[in-house]
Structures are given as structure tokens and as C-alpha cells.
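Presented below is the structure to which this report refers.
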Number of protein chains: 2
Amino acid sequence: MVAIRLDEIDRKILAELQADGRMTNVELAKRVGISAPPCLRRVRTLEESGLIRGYHADVNSRELGFEVQVFAMVGLESQAEAELTAFEERCREWPLVRECHMLNGEVDFILKCVAPDLSSFQQFLTGKLLTTPNVASVKTSLVIRGAKDEPGVPFDVLEERMNRTA
Amino acid sequence: MVAIRLDEIDRKILAELQADGRMTNVELAKRVGISAPPCLRRVRTLEESGLIRGYHADVNSRELGFEVQVFAMVGLESQAEAELTAFEERCREWPLVRECHMLNGEVDFILKCVAPDLSSFQQFLTGKLLTTPNVASVKTSLVIRGAKDEPGVPFDVLEERMNRTA
DNA sequence: GGCAGATGCGCAATAATCTTTCGTGAATGC
DNA sequence: GCATTCACGAAAGATTATTGCGCATCTGCC
């Protein structure tokens, strides 16, 4: 991947599109202070460079019937690379697992899971996760309530750093 | 919030927009099998009902210079409601904290944080998080690598359930 | 059975946006 | 000093969004 030089306009574009991914290009151009054509070119460049991975609607999963959200800490018997990737592959195939991160420390992986109800999750836990070879331990924690959920980049922090560097 | 009745077309719309939030309405209409005007009306209804919370560009935070991602498990001294909401409010103000979920079990909260580097995070940890009143314990785990990161709804599971119910 | 009323579709037309093309000016390097 | 590169912005055509309206289907109720 090629290193991309970003100016302030590019960072504004990223911040605006992170906040509202369906903004029209003319509106975006207006906000970042250039005309539409160069703005669109910049967006395309950001997409092609991989800095923008994609655009997604933020769907209210609870309203859709996924009322349970669970964090699962998973420990494996063996931490050999082949075993690690094997487990990751499993996680990618389980639809209830929405995130899987490999961690340092006591626990090997943390999973964020959703499920329609507790019994669905229990079924997944006992039927899939716990019976997976090489899984040594699983500790689960139910999400009681969410207080903040804004995946993405804190652009205010980024601007601070750029100003300090520049 | 009014309960919305969703048919198969609505669920398809949600699935498509979750996968690609910038899809044009014409393309979306084609994919779900209706013409553009009713498709747009359905999308507006889904937005107004809150089922679609918004649209966001998925920005590659690592490429942007946020190379560190950390999960922090926080325990509080007091779990009185006033204390819980006070802590949640703090989390909303900290830009490095991208997610904050209240959990059951030993730990009270799990935070997902990002930072430009380890020292930035350590600075946040010792200077902000650990000095916050009522914070009793913090256990942090660095993310070594991400294996899956698809926040959202598993629509294949949803369709399965609808077919079973119907 | 048959009649409102409600709901939702699609066609057509207009408004807005996207996207390409092209000419210009500033910055860079030789 | 001059060529090259780069990015901008105006203009125009293609595409898309959005509105208005007529029609079919479904529902509840005589």
C-alpha cells in the first residue's frame, strides 16, 4: 500500500464522511471548501488507497430483534500460529460473532457477539464455541447497556497531532 | 418508537445498505426488485423509524496513525446508578474511548480505545482513566491483530428466523 | 358479494447531483 | 528560466433523486 500524503482538506473529507457517509458530493465539497470535481477525485483517491474501506448503514440491531450482546474472552490450549489462524477462521464463519480481536495478556481473543435472545447465545456458546478444538476457556459478559458506540477515528485528536507536528 | 412491520424487501434494503451504504437508490431498487420511488420511500421510512441510525464511512484508523487499539476492563468502587452514569458521561467526553459498554459480572465496563501509540495510551490511562474518581480497577489488553470487524446485524440469521416464524 | 378506505406500486416529469472534459494557474525540479 | 506536474474550477452531458399522480391490491365492514 502506497503511503498517501493527506492535507487538511483530505482529513476534513474523512471526518465528514465518517460522520455522514451518504452526504452528497456537492455538500461535501461545500463543507471542505473546494468545488465538486476535485472533491470527488479526492474521495475516489481515498477509497482506492484503502483509507476509506467502505460505507455502511448503521442498523439498529436491537430493534431488529438482536436483543443480546455479549463479550466473550477466549483462551486457547495452543497459541501456535496455525492454531490462532484456525480459530480466527472459525470466528469469520460464525455469523453471531461480529468482531474478533487477538489480545495480549491472559486471554487470547475477545469476541463481540450478538444474538436474538439468551438461549440462542447459550446454544451458540455450548454448541459451537465451547466444542471447538483447542478452545481452553471462555468467559462471557453480557452487555447491560451501551453508553458509547462510535467506532472510527477521533479526528479532533488527529488534528491536534498534525498541528503539533506541523 | 412505533413498531415497524418489515417485509422481505425491507430486510433486503437493510442488508444491502449495511453492506454498501453509498449504493445509489437506483441500484438498490434494482437489487431488491422494485422501482426507484417506492424504494426511496422505504429507505426514508427506515431512517425515520430509527432502524437506520445513520451512514458512516469506514475509515482505516491504523493508516491514519492510530496504531494502538486497546480493550480496557473497568471496575468501579460504587455501582450506584448516579456513579454509573457519571462514568459513562466521562467516557463520552474522552475521544480515545470509542466504545463503552456496561457489563454484568466482575467487571463493570469494557472500553474500546484507540491511540496513536503506546505512550499516548499510557498517558490517557494514568492521567485520565486511573485518576477518575470512583474507578477502582483497570485491566488493559492490547489488540495484537484484528481477525474480524463487522459491526452490524447478521442478516442471514435474521432471515432464518423469519422463515421459521412465518 | 360488494363497497370505501388505506396502502403501496410504477410511470412520467422535473430538480438535483454526479462525472467527464478541458483550460488555467501555482508549485516543483532541472 | 523553462518544462513538468499537479490540482483546481467552469461547463456540459449523463445519471440519479424526488415529486405528483393514476392504478392495482388488500382489508375491514356492511
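Here is how names work: the chains are called A, B, and so on, in the same order as the sequence lines, proteins then strands, and each is numbered from 1.
- Distance CE (B:Met23) to P (D:dT16): 13 Å, rounded to an integer number of Å.
- Rounded to whole angstrom, the span from the CD1 atom of B:Ile9 across to the C1' atom of D:dT25 amounts to 14 Å.
- For A:Gln79, the CD atom counts as densely surrounded, since its 6.0 Å shell holds more than 12 non-hydrogen atoms of other residues, nucleotides or ligands.
- Residue B:Arg41 contributes atom CZ, which lies 11 Å from atom P of D:dG20 at whole-angstrom precision.
- Straight-line distance from the CD atom of B:Glu27 to the P atom of D:dT15: 14 Å, rounded to whole Å.
- Under the 4.5 Å side-chain criterion, counting only non-hydrogen atoms from C-beta, B:Phe124 is not in contact with B:Val70.
- Between A:Phe71 and B:Phe71, the ring-plane angle classifies as perpendicular under the 30° and 60° cut-offs.
- Closest contact between the side chain of B:Pro37 and the listed nucleotides D:dC8, D:dA10, C:dA12 involves C:dA12.
- A salt bridge links B:Glu89 with B:Arg92: the distance from a Lys NZ or Arg NE/NH1/NH2 to an Asp or Glu carboxylate oxygen falls below 4.0 Å.
- Checking B:Ile34 against A:Leu40, the closest nucleotide of DNA chain C that is more toward the 5' end is the one next to B:Ile34.
- Look at CG on B:Leu28: it is 13 Å from C1' on D:dT16, rounded to the nearest Å.
- Backbone-only contact: B:Thr24 has heavy atoms under 4.0 Å from sugar-phosphate atoms and none from a base.
- Here the side chain of A:Ser35 is nearest to one of C:dT19, C:dG10, D:dG9, namely D:dG9.
- Contact check for B:Leu76 versus B:Val135: side-chain heavy atoms found under the 4.5 Å cut-off.
- In this structure, CG of A:Asn25 is placed 8 Å from P of C:dT19, rounded to the nearest angstrom.
- Atom C1' of nucleotide C:dA26 and atom CG of A:Asp7 are separated by 15 Å, given to the nearest angstrom.
- For the pair A:Glu8 CD and D:dC8 P, the computed distance is 13 Å after rounding to whole Å.
- Sequence order on DNA chain D of the closest nucleotides to A:Arg42 and A:Arg22 puts A:Arg42 first from the 5' end.
- Side-chain proximity of A:Pro38 to the nucleotides D:dG9, C:dC18, C:dG10 is greatest for D:dG9.
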